[in-house]
J.: 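Can you keep this structure in mind? I'll have questions shortly.
Computed from heavy atoms alone, side chains included, the values below leave out hydrogens, waters and symmetry copies. Reminder, nothing fancy here: chain letters follow the sequence lines and each chain counts from 1.
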Amino acid sequence: MSNEIRVRFAPSPTGYLHVGSLRTALYNYLYAKKVGGKFILRIEDTDQTRYVDGAVENLLNTLKAMGLEYDEGPDKGGEFGPYYQSERTEIYNKYVQELLDKGTAYRCFCTPEELDKMREECKAKRLDTRYDGRCRNLTENEINEHLKNGDKYVIRLKVPKEGEITFYDVVREKVTFQWDTVDDQVLVKSDGFPTYHLANVVDDHLMEITHVIRGEEWLPSVPKHLFLYESFGWKPPKMCHLPLLLNSDKSKLSKRQGDVAVEDFLNKGYLPETLLNFVALLGWHAPGDQEFYTLAELEKAFSLKRINKSGSVFDMEKLNWMNGQYLRNTDLKIIAEYARKYFEKAEYHIPNEKHYFELVDIARNRIHKLDEVTEFAKPFFGELEFSDEDKTILGSQSAQTLFKFWAENIADSTELNEELINELLKRSAQELEIKGKNLYPPLRLALYGSAHGPELPTIMDILGKDEVINRFQKLIK
RNA sequence: GUCCCGUUGGUCUAGUGGUUAGGACUCAGGAUUUUCAUUCCUGCAUCAGGGGUUCAAUUCCCCUACGGGAUACCA
């Protein structure tokens, strides 16, 4: 065994990658990069009842889109495979037999109905709802009797009844549990598949994982896991429990209160760079005020020691702001490429690359998510729609004079450029005595469908000479 | 109910035994811009409460309150 640091991201394939999981994956990845270790992906698919078609593929794709590359994993291989827990049942069987032989695990023949009843009774008495251990000390004969009858059973961990356990978590530091509050956890279900607890410990050991970096919801299970390591005679990895990501009401971030799937964020036009940057700062921060980080910078700056203890609210407003920043400050070429699919989806045909770039460039200053780009670009594609109020403005005497003047002059010109536009603007004011409020808003309304928006030269350039004339012509009565 | 964890403005956070407690988002006002957006400036607002320890506590300790997580043959 080497001294290499090995960490893992071990999601269960529920159909999509949760943003909270993204952060867990990111922290694992960053730590591995920081210390020159290995980052492993393992699929925890031991629950057959929750099988979702295509979930793993989806997970892998999302991880890839986010740029979190792993060193070993399902589609990548590695010397510690297989990386699907569903393909490792024989391994778990072997180890659970060892526990059975050692007497730190036992067969439990209680039916789900019995267990429910037990729990109800405990609740009624306002007691802890742990398993009462009635199968803990069955005699050999009793066990054989059950087996002979073909009774279904699970295998439970025989946790100590007395004393306490103290361990050191990288984030929480010292944590202590009394053994009499720890349940006899089910290790193997009646369908023969292991539960998370068994599979996780066995795999982390076999895969030589040195640091378990995962969500805080696992903290209460640590005593069971540690007891498993001890029972096997294995050295446990370092524990590192991350604070939770929260809804705005401070409950654990959930689907009910908005998007949590990374792919949904991606589809809405949040950049992978934004998501990574944003999520990295939820629960971790380097000393100082820097809040824009590339992945490479995060790899350098990251440290487990600086992970916060308290949960953090996932603030959409700030995410939107940050995405806007990335939209504006990332190379235009990259943004234009990301934007392409939204134009395709809206069926906006892009006639001219130069104008497309120009369009994306002015759009990126006004939007926060890339999916808003089509709404912004809409006036450039297809017919404009006017409200009654707009129509009043467009039909006014001065507006009509203006449109005729512009349509004629542009038609007579050889080229529609900024110089000409500025000249016409000046002449409108001088010759027609139309200026200010009566000049700009009607023109922009006529060409862009709104009194507010991009600068006139930009609008006209993107539209092109013919379309500009056409739009004026249509409004002239 | 029981066990565990947590608590710096509304939100994300920096920081310290002695600081005017710093930055960012949001919000409000202003400047720039023909408009909108961008950008810039200014402002509002915080160390959960109570006890200790100490010359001094936001910082160390304890209690309380509040919040969260876990209490499955799900992970």
J.: Measuring only the P atom in each nucleotide, how far is B/U39 from B/C44? A whole number of Å is fine.
T.: 23 Å
J.: Does A/Ser450 reach a base, just sugar-phosphate, or nothing at all? Heavy atoms under 4.0 Å.
T.: nothing
J.: Do other residues, nucleotides or ligands put more than 12 heavy atoms under 6.0 Å from the NZ atom of A/Lys34?
T.: yes
J.: Using the C1' atom as the point on both nucleotides, what is the distance between B/C60 and B/U26, in whole Å?
T.: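 So the two C1' atoms sit 35 Å from each other.
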J.: 5'-most contact on RNA chain B: A/Arg50 or A/Pro454, nearest heavy atom basis?
T.: A/Pro454
J.: Using the test ring pair (Phe, Tyr, Trp, His ring centres under 6.0 Å), find all partners of A/Tyr106 that sit at least two apart in sequence or belong to another chain.
T.: none
J.: Nearest whole Å is fine: how far is B/C12 C1' from A/Lys309 NZ?
T.: 18 Å
J.: When you look at CD of A/Glu57, are more than 12 heavy atoms from neighbouring residues, nucleotides or ligands closer to it than 6.0 Å?
T.: no
J.: Less than 4.0 angstrom from a charged side-chain N to a carboxylate O is my criterion; do A/Lys318 and A/Asp315 meet it?
T.: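 Not counted as a salt bridge, because no side-chain N and carboxylate O are separated by less than 4.0 Å.
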J.: Specify the separation, in whole Å, of atom CD of A/Gln85 and atom C1' of B/C74.
T.: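 Whole-Å distance recorded here is 13 Å.
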J.: Which residue in the set A/Asp45, A/Asp47, A/Thr46 passes side chain to side chain donor-acceptor pair (under 3.5 Å) when paired with A/Ser86?
T.: A/Asp45
J.: Does any donor atom in the side chain of A/Ser310 or A/Asn308 lie under 3.5 Å from an acceptor atom in the other side chain?
T.: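 No pair is found: no donor N or O on one side chain lies under 3.5 Å from an acceptor on the other.
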J.: By side chain to side chain donor-acceptor pair (under 3.5 Å), which residues pair with A/Asp169, not counting sequence neighbours?
T.: A/His241
J.: Between protein and nucleic acid, restricted to nucleotides 15-19 of chain B and to nitrogen or oxygen atoms under 3.5 Å apart, what atom pairs and distances do you find?
T.:
{"from": "B/G15", "atom 1": "OP1", "to": "A/Arg306", "atom 2": "NH1", "distance (Å)": "3.1"}
{"from": "B/G15", "atom 1": "OP1", "to": "A/Arg306", "atom 2": "NH2", "distance (Å)": "3.1"}
{"from": "B/G15", "atom 1": "OP2", "to": "A/Arg306", "atom 2": "NH2", "distance (Å)": "3.4"}

J.: Per the atom types in the model, does the base of B/C5 pair as donor or acceptor with the side chain of A/Arg172 at under 3.5 Å?
T.: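 No, no donor-acceptor pair under 3.5 Å.
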J.: What's the gap between B/A14 and B/C47 when it is taken at their C1' atoms, as a whole Å value?
T.: 13 Å
J.: Pick the C1' atom in B/A21 and in B/G15, then give their distance to the nearest Å.
T.: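 My reading of the C1' atoms in B/A21 and B/G15 gives 8 Å.
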J.: Using atom types as modelled, flag every donor-acceptor pair under 3.5 Å from a side chain in residues 356-364 of chain A to any protein atom, sequence neighbours excluded.
T.:
{"from": "A/Tyr356", "atom 1": "OH", "to": "A/Ala336", "atom 2": "O", "distance (Å)": "2.6"}
{"from": "A/Tyr356", "atom 1": "OH", "to": "A/Arg340", "atom 2": "N", "distance (Å)": "3.2"}
{"from": "A/Asp361", "atom 1": "OD1", "to": "A/Arg364", "atom 2": "NH1", "distance (Å)": "2.9"}
{"from": "A/Arg364", "atom 1": "NE", "to": "A/Leu327", "atom 2": "O", "distance (Å)": "2.9"}
{"from": "A/Arg364", "atom 1": "NH2", "to": "A/Leu327", "atom 2": "O", "distance (Å)": "3.1"}
{"from": "A/Arg364", "atom 1": "NH2", "to": "A/Thr330", "atom 2": "O", "distance (Å)": "2.4"}

J.: Mind calculating the distance between NE2 (A/His285) and P (B/U8) to the nearest angstrom?
T.: 15 Å
J.: Using whole Å, report how far OH of A/Tyr16 lies from P of B/A75.
T.: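 Rounded to the whole Å, the gap is 16 Å.
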J.: Will you find, in the side chains of A/Tyr92 and A/Asp203, an N or O donor that is under 3.5 Å from an N or O acceptor?
T.: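 There is such a pair (donor and acceptor under 3.5 Å, judged by atom type) between the side chains of A/Tyr92 and A/Asp203.
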J.: Considering residues at least two apart in sequence or located in another chain, which fulfil the ring pair (Phe, Tyr, Trp, His ring centres under 6.0 Å) criterion with A/His197?
T.: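 Testing A/His197 for ring pair (Phe, Tyr, Trp, His ring centres under 6.0 Å), a comparison that skips the adjacent residues, returns A/His225.
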J.: Do other residues, nucleotides or ligands put more than 12 heavy atoms under 6.0 Å from the NZ atom of A/Lys161?
T.: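 Buried by this count: over 12 neighbours within 6.0 Å.
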J.: Would you mind reading off the distance between A/Met316 atom CE and B/C25 atom P, rounded to a whole angstrom?
T.: 18 Å
J.: Looking at side-chain heavy atoms only, is the closest gap between A/Arg134 and A/Cys110 below 4.5 Å?
T.: yes
J.: Roughly how far apart, to the nearest Å, are B/A24 and B/U71 at atom P?
T.: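 Those two atoms are separated by 41 Å.
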J.: Assuming nearest nucleotide by heavy-atom distance, tell me which of A/Asp289 and A/Asp45 is located more 5' along RNA chain B.
T.: A/Asp289
J.: Rounded to whole angstrom units, what separation is found between the CD1 atom of A/Ile421 and the C1' atom of B/U34?
T.: 14 Å
J.: For nucleotides 63-72 of chain B, give me one character per nucleotide, 5' to 3': B if any protein heavy atom sits under 4.0 Å from the base, S if the only such contacts are to the sugar-phosphate, - if neither.
T.: ----SSSSSS
J.: What nucleic acid atoms does A/Val154 come within less than 4.0 Å of, heavy atoms only: base, sugar-phosphate, or nothing?
T.: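 Base, at least one base heavy atom under 4.0 Å.
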J.: Would you kindly say whether A/Asp461 and A/Thr458 are connected by a side-chain donor-acceptor distance under 3.5 Å?
T.: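 No - no donor-acceptor pair under 3.5 Å links their side chains.
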J.: Using atom P of each nucleotide, how far apart are B/G49 and B/G29 to the nearest Å?
T.: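 Pairwise P distance, B/G49 against B/G29, rounds to 31 Å.
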J.: Taking the side chain of A/Ser310 as heavy atoms from C-beta outward, which of B/A75, B/U8, B/A24 is closest to it?
T.: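 In terms of side-chain proximity for A/Ser310, the closest of B/A75, B/U8, B/A24 is B/U8.
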J.: Restricting both atoms to N or O, compile the protein contacts to nucleotides 39-47 of chain B shorter than 3.5 Å, with distance only.
T.:
{"from": "B/U39", "atom 1": "OP1", "to": "A/Gln325", "atom 2": "NE2", "distance (Å)": "3.0"}

J.: To the nearest Å, give me how far apart CD1 (A/Ile393) and P (B/U35) are.
T.: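 One finds 16 Å between P of B/U35 and CD1 of A/Ile393, rounded.
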J.: So which pairs with a foot in residues 270-292 of chain A pass ring pair (Phe, Tyr, Trp, His ring centres under 6.0 Å), sequence neighbours left out?
T.: A/Phe265-A/Tyr270, A/Phe278-A/Phe314, A/Trp284-A/Tyr293, A/Trp284-A/Phe302, A/Phe292-A/Trp321, A/Phe292-A/Tyr326
J.: When you measure from the side chain of A/Lys189, which nucleotide among B/C73, B/C25, B/G6 comes out closest?
T.: B/C73
J.: What I want to check is whether the side chains of A/Asn438 and A/Ser398 have a donor and an acceptor closer together than 3.5 Å.
T.: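 No pair is found: no donor N or O on one side chain lies under 3.5 Å from an acceptor on the other.
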J.: Consider the side chain of A/Lys318, meaning its heavy atoms from C-beta on, and name the nucleotide among B/C3, B/G6, B/G23 that approaches it most closely.
T.: B/G23
J.: Any side-chain donor paired with an acceptor under 3.5 Å for A/Asp249 and A/Gln257?
T.: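 Side chains of A/Asp249 and A/Gln257: pair found under 3.5 Å.
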J.: Can a salt bridge be assigned to the pair A/Lys158 and A/Asp184 using a cut-off of 4.0 Å between side-chain N and carboxylate O?
T.: no
J.: Report each atom pair, protein N/O against N/O of nucleotides 27-33 of chain B, whose distance is under 3.5 angstrom.
T.:
none

J.: For nucleotides B/G69 and B/G51, find the distance between their C1' atoms and express it as a whole number of Å.
T.: 29 Å
J.: Just call it for A/Pro112: base, sugar-phosphate, or nothing, with non-hydrogen atoms closer than 4.0 Å on any strand.
T.: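 Here A/Pro112 touches the bases of the nucleic acid.
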J.: With respect to the side chain of A/Ser312, which nucleotide from B/A24, B/U34, B/C12 is positioned closest?
T.: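 The answer is B/C12, which lies nearest to the side chain.
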J.: Considering only heavy atoms, which members of residues 190-199 of chain A lie under 4.0 Å from some atom of RNA chain B?
T.: A/Ser190, A/Pro194, A/Thr195, A/Tyr196
J.: Heavy atoms only, 4.0 Å cut-off, all strands: where does A/Thr176 land among base, sugar-phosphate and nothing?
T.: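 Sugar-phosphate, backbone atoms only, no base.
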J.: Among pairs that include at least one residue of residues 150-184 of chain A, which meet ring pair (Phe, Tyr, Trp, His ring centres under 6.0 Å), considering only residues two or more places apart or in two chains?
T.: A/Phe109-A/Tyr153, A/Trp179-A/Phe227
J.: In whole Å, measure the gap between the C1' atoms of B/U53 and B/U59 for me.
T.: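 13 Å, rounded to whole Å.
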J.: Does A/Asn308 put a side-chain nitrogen or oxygen below 4.0 Å from OP1 or OP2 of B/U8?
T.: no
J.: Would you indicate what A/Val175 reaches in the nucleic acid, counting non-hydrogen atoms under 4.0 angstrom: base, sugar-phosphate, or nothing?
T.: sugar-phosphate
J.: Distance-only check: which donor-acceptor pairs under 3.5 Å involve side-chain atoms of residues 117-125 of chain A, not counting sequence neighbours?
T.:
{"from": "A/Arg119", "atom 1": "NH1", "to": "A/Asp116", "atom 2": "OD1", "distance (Å)": "3.3"}

